[in-house]
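Proteins get letters first, then strands, A, B, ... in listed order; numbering begins at 1 in each. Note that this is a predicted model, so its numbers are computed, not measured.
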Amino acid sequence: MTLIDHLPVLAVIVPLLAAPLCVLIDRARPAWLIALAASWLSFGAAILLLLQVTQSGTISYHLGGWPPPWGIEYRIDLLSAYVLLIVTAIAAVVMVFAWHSVESEIPSERIARFYAALLLAFAGLAGITTTGDAFNVFVFLEISSLASYAIISMGRDRRALNAAFQYLMMGTIGATFILIGIGFLYMMTGTLNMQDLAALLPEVSDTRTVRAGFAFLTVGIGLKLALFPLHLWLPNAYAYAPSTVTAFLAATATKVAVYALLRVLLDVFGVEFSLQAMPLNLILMVLGLVGIVSASLVAVFQDDIKRMLAYSSVAQIGYMVLGIGLANTTGVTAAILHVFNHALMKGALFLALGAIAYRLGTATLRDFAGLGRRMPWTMAAIVIGGLSLIGVPPTAGFISKWYLVLGTLEQGLWPVTLLVLFGSLLALIYVWKLVEAAYFKPAPANAPAVAEAPLSMLIPVWLLVGANVYFGIHTDISVGVASQAATQLMGAGG
Amino acid sequence: MRDLFGVVILFSIYSFMTAALFMDLDAVDVAFTEAAVGAGVTTVLMLSCLRLTGRWERRPKHSPLLPLIVVATTGTALVYGTLDAPLLGDPNAPAHQHVAPRYIEQGPIEVGMPNMVTAVLASYRGYDTFGETVVIFTAGIAVLLLLGIQEGPHTRPGRTAIGDQIVLRVVVKLLIPLILLYGLYVQFHGDFGAGGGFQAGVIFATGFILYDLVFGEGDARLVVPPDWLPRLGALGVLIYGGVGLYSLFAGKPFLDYSALAHDPVHGQHLGVMLVEIGVGITVFSIILAIFYALAGRARRA
Amino acid sequence: MSLLLDMLSAACLLAGSFLCITGGIGLIRMPDFFARVHAAGVTETLATPLLLFGLMLQMDWSLDLLKVVMIMIFVLATNPTATHATAKAALHGGLKPLVSEDDPNDTGEPSSKP
Amino acid sequence: MNELPGLYNDWVAIFLMMAGFYVVISQGNLVKKLVGLALFQTSVFILYISLGKVAGGHAPIYDPAIAIYSNPLPHVLILTAIVVGVATTAVGLALVVRIHEAYGSVEEDDIQAADEAESTASSSEASAEEDAKQ
């Protein structure tokens, strides 16, 4: 085996082993350099993997040399390579941004450990996307969650502590539900490998045990996903975490949860069982819609911008879940696309906010007054990110909304289409509030003089903004892979 | 119950009962771990926390109706789920048919050790165990990020934590070497009987915790300086990962121990031993670090 | 011979179990802290070795026997120590033993509260 | 075999699980919530271990004299899960300690009230400033 054959595992263990190195060295700058190098290496591995998968199909890697289902398998198909690419890309970009931001927000003697935790959170998420073993998902989920609780609690506000505790409670309940679900499935099939499960489940899918396992897995992932009625932990966690953490988690954590939902629903259980035998498509659709409308409404009334964007994230998750609930290929394509695009736009927005917080210390609506002139590049980035959030062409947000609307129309659900558009309208309102404050309000007289954000922050922000526009115009890559992955998923279950 | 001390002790008892139950269900390794972790470490950590946050709880004001409904719904769903489940002890249950037979029949031959749980843990599903080691390492990093760790003293302090408990001190002094010896036994005997790196690490850490509790601040910290502990934990993870990387560079998949020696079974044995040492080091140092972090806060407060 | 061993072992096990139960009852029913410590500590210090001895009589000469002996030594060392330490700590903490049988409120300190 | 005795192990585990779950969502004290969480997780372990039991089986340590072993796989999974459980508890306790230092209380109601007071204070401050400008 050459090194190329080891790519699936390298993408995960490079950050995983970089974390103890950071702790071993325990100096701020080397730790950052290690984190940076690890995330870019991982990103490189992810790009190569995606190329490999598009050329030669699904890759299976047997950890420990034991063939599945006895050993643990890493299984990279189109969907996982695609999500892995997003996660590693965001991590790589965020790491560039992190240096200044972390230096200003975290006590200096804890920076090295902070990077270690950030790397662990990242490695955990990458591990979930690549693994083909149900129990391994649980282990890596816990790695990423534990690290997330820690880095969220590092926010300067004391409310960050409470937010992290709430997240810990919800997250652990979710993880335990997932554990129960896996237990039920193991009880009925005797295997933990996802492909094996998919092959064995149809025989026993009529039993009550499998149905209950299905329900627990869905609710557990729903908790992690911040699906509408289970989203209460998310706004606070995102609002009070350090800027780097918010940008990273908002762009990746919920996306990986969506990936897990897709994997479990469509791959392990299969489309027929999940969306047709169980009334899940209806439930997902309704929850998605309620999530879109209610979270967008709440977002409109927020003063704290991080909080506003956090509620907007809940709404965007609603779009993705709605896409899955539509139960047709276009809908699933839209969901996968939105995973990709939303990571780009929320990454850009939260990073830009982080740059503002770096200069101003806070980010409430009234701090924004007159910022358009004082930090022109950062604000311009926020405007473009906001446009993408609304779904204005030619941004990436437009593409995913377009596919979603197509999907709803394909199912003949025009009221749903209207509600989706209504959600976009609400997004327009809250983004407009930002723009109005930044460009049309004079800076308060006593406003501190602020300079434009440093270059090491602007470059990552504009990289993501550029990606937003690029993937809005050149849709071959993002849409192409997403629709292929969706076809694969929908085809797998018939 | 308004007294949280009682709550914690009851939980400890519950944990111990669970361990006994696991023993009855043939899960010796799990019983061992549950007794050491659930009844031992968790209790100590919870009590250290109570010492800081106060022992009494206020009477809650909320109506219990909504939680009851949620719990009843979940419980019903679970009971519904078990209705089609295989019965207890049924040898024909699907869980025992598909994957498990290979572990039982081939495990002792392919991996070369009688304890199948260790074989599955460290070899067949070695990557899960690697993840587990990282989980405990993550928890250590998280606690240190939150609480920080006090630097150890450089000279031997005179004062003790618990007044004039002569009997206690003498007995503990006699016991600690035995505990540490037992920890080593468990570490290296894991291939043959119950035990392994994780349990050994916990037992070893317990020895130090006991010493710290009885002989007061500082003494135990002179032996293992607190600021070394996170690094030691990192080292353990790196040992485990290093074994994986070695096999990777030797042209075998990650964590394939058969790359370690010419004879695959011998390689498996060596690999399992090495990774168990990694696990042991990490668990020992992280558990001790978490305890120091919590107890250090108590002394400052 | 084996009948004798069996009977002896059964007697030990029964006595041990009986002491365990009485210890448990005492732990709940005794009026104050020190009496409870007495019930839990003193009774069970005898109960556990009795049970272990009963089991040892059933065993062959093997490694397991040695292990049980070691468990017995360990229990005999730790159990009284723990009881002693608890009682001493309680005394240090200001709990006074209940002396008057007639009036539990006599001691001032409500020592029956754990 | 009759269904009832064959499933009681699951039901006992479920009852314990739900007791833990109830403590988690109904109690206001954060330490107690963590105890509840640990209880919840430990009971799930019982469910797993009992599904690995084989009637007449022995502990899965190879011995030439034994033919039937219990299933080792659930044991391995639960070993991992126990570690995850203690890790979560440790992080939770550290958070509780920090919360106690920051808020002076570990009762959820107090903390919620303090948070809300802080939020409204900052927003009313904002509106007051706006009023002053106009």
Side-chain angles (χ1 to χ4, degrees), chain B residues 4 7-8 11 15 18 21-22 25-30 33-34 37-38 41-42 45-46 49-50 52-53 57-58 60 64 67 70-71 74-75 78-79 82 85 87-89 91 95-96 99-100 103-104 108 114-117 120-121 125 128 132 135-136 139 142-143 146-147 193 198 290 297, chain D residues 1 3 6-7 9-11 14 17-18 21-22 25-29 31-32 35 38-39 42 45-46 49-55 57-63 68-76 78-80 82-84 86-91 93-98 100 106-107 109:
Chain B
L4 291 171
V7 172
V8 172
F11 174 72
S15 227
T18 319
L21 183 64
F22 289 161
L25 291 169
D26 298 339
V28 279
D29 283 89
V30 182
T33 315
E34 179 65 34
V37 173
V41 172
T42 311
L45 294 182
M46 280 178 174
C49 175
L50 278 191
L52 292 163
T53 57
E57 173 208 25
R58 236 193 5 238
V70 173
V71 168
T74 324
L78 278 169
V79 172
T82 59
L87 307 180
L88 173 65
H96 309 317
V99 178
Y103 297 142
I104 294 175
N115 187 349
M116 298 158 202
V117 174
V120 178
L121 184 85
R125 297 188 67 89
D128 261 355
E132 165 193 336
V135 166
I136 195 92
V143 171
L146 281 162
L147 299 179
F198 186 75
I290 291 172
R297 283 267 159 172
Chain D
M1 206 201 293
E3 260 205 2
L7 288 173
N9 60 315
D10 295 342
W11 294 346
I14 289 168
M17 253 186 245
M18 288 307 112
F21 191 37
Y22 177 75
I25 53 182
S26 74
Q27 295 295 320
N29 187 292
V31 180
K32 207 164 177 181
V35 176
L39 181 61
T42 312
F45 305 160
I46 299 181
I49 295 296
S50 71
L51 86 85
K53 170 77 181 169
V54 175
H58 288 264
I61 296 173
Y62 177 74
D63 186 329
I68 307 173
Y69 298 99
S70 283
N71 188 348
L73 188 54
H75 302 179
V76 174
I78 290 317
L79 276 176
T80 308
I82 289 178
V83 179
V84 169
V86 70
T88 314
T89 310
V91 176
L93 288 172
L95 269 171
V96 169
V97 168
R98 281 292 301 276
H100 184 255
V106 287
E107 298 287 336
D109 298 344

Exercise. Checking side-chain hydrogen bond (donor to acceptor under 3.5 Å, both in side chains) for the pair B:T82/D:D10: CA distance, chi angles, key distance, verdict?
Worked result: CA-CA 7 Å; B:T82 59; D:D10 295 342; 4.9 Å; no
Which value, rounded to the nearest 0.5 Å, describes the distance between [X] atom [atom1] and [Y] atom [atom2]?
X      : Y     : atom1 : atom2 : answer
D:F45  : B:T18 : CZ    : OG1   : 10.0 Å
B:L45  : D:L93 : CG    : CG    : 6.5 Å
B:F198 : D:L79 : CZ    : CG    : 8.5 Å
B:T33  : D:H75 : OG1   : NE2   : 11.0 Å
D:L51  : B:H96 : CG    : NE2   : 7.0 Å
D:I78  : B:E34 : CD1   : CD    : 10.0 Å

Heavy atoms only, distances under 4.5 angstrom: which of [options] has the most pairs with chain B? Name it, please.
options                    : result
D:A55, D:A94, D:A87, D:P60 : D:P60
D:V106, D:T42, D:T88       : D:T42
D:L39, D:V83, D:V97        : D:V83

Max heavy-atom pair count under 4.5 Å with chain D, selected residue of [options]:
options                      : result
B:V79, B:V135, B:I136, B:T42 : B:V79
B:I290, B:V120, B:V8         : B:V120
B:T74, B:V99, B:D128         : B:T74

For this session: Kindly write out the residues that satisfy ring pair (Phe, Tyr, Trp, His ring centres under 6.0 Å) with B:F11, not counting sequence neighbours, or none if the list is empty.
Result: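 Not a single residue meets the ring pair (Phe, Tyr, Trp, His ring centres under 6.0 Å) criterion with B:F11.
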Counting only non-hydrogen atoms closer than 4.5 Å, does [X] touch chain D with its backbone (N, CA, C, O), its side chain (CB onward), both, or neither?
X      : answer
B:L21  : side chain
B:L25  : both
B:P108 : side chain

Closest non-hydrogen atom pair between [X] and [Y], with its separation:
X     : Y     : value
B:V28 : D:A59 : CG2-CB, 4.0 Å
D:I46 : B:F22 : CA-CE2, 3.8 Å
B:G75 : D:M18 : N-SD, 3.6 Å

By a 4.5 Å heavy-atom criterion (distance strictly below it), what part of [X] contacts chain B: side chain, backbone, both, or neither?
X     : answer
D:H58 : backbone
D:V91 : both
D:I68 : neither
D:T89 : side chain
D:V84 : both

Problem set entry | CA sep, side-chain torsions, deciding dist, call: D:K32, B:L4, side-chain contact (heavy atoms from CB on, under 4.5 Å) | CA-CA 7 Å; D:K32 207 164 177 181; B:L4 291 171; 4.1 Å; yes
Exercise. Ignoring hydrogens and geometry, is there a side-chain-to-backbone donor-acceptor pair from D:N71 to B:A95 under 3.5 Å?
Worked result: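 Between the backbone of B:A95 and the side chain of D:N71 there is a qualifying donor-acceptor contact (under 3.5 Å).
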Exercise. Excluding sequence neighbours, so at least two apart, what forms salt bridge (charged side-chain N to carboxylate O under 4.0 Å, His left out) with B:D29?
Worked result: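 So B:D29 forms no salt bridge (charged side-chain N to carboxylate O under 4.0 Å, His left out) with any residue.
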For this session: Determine whether B:R125 and D:T80 make a side-chain contact, defined as any pair of heavy atoms from C-beta on separated by less than 4.5 Å.
Result: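 Contact flag for B:R125/D:T80 side chains = no.
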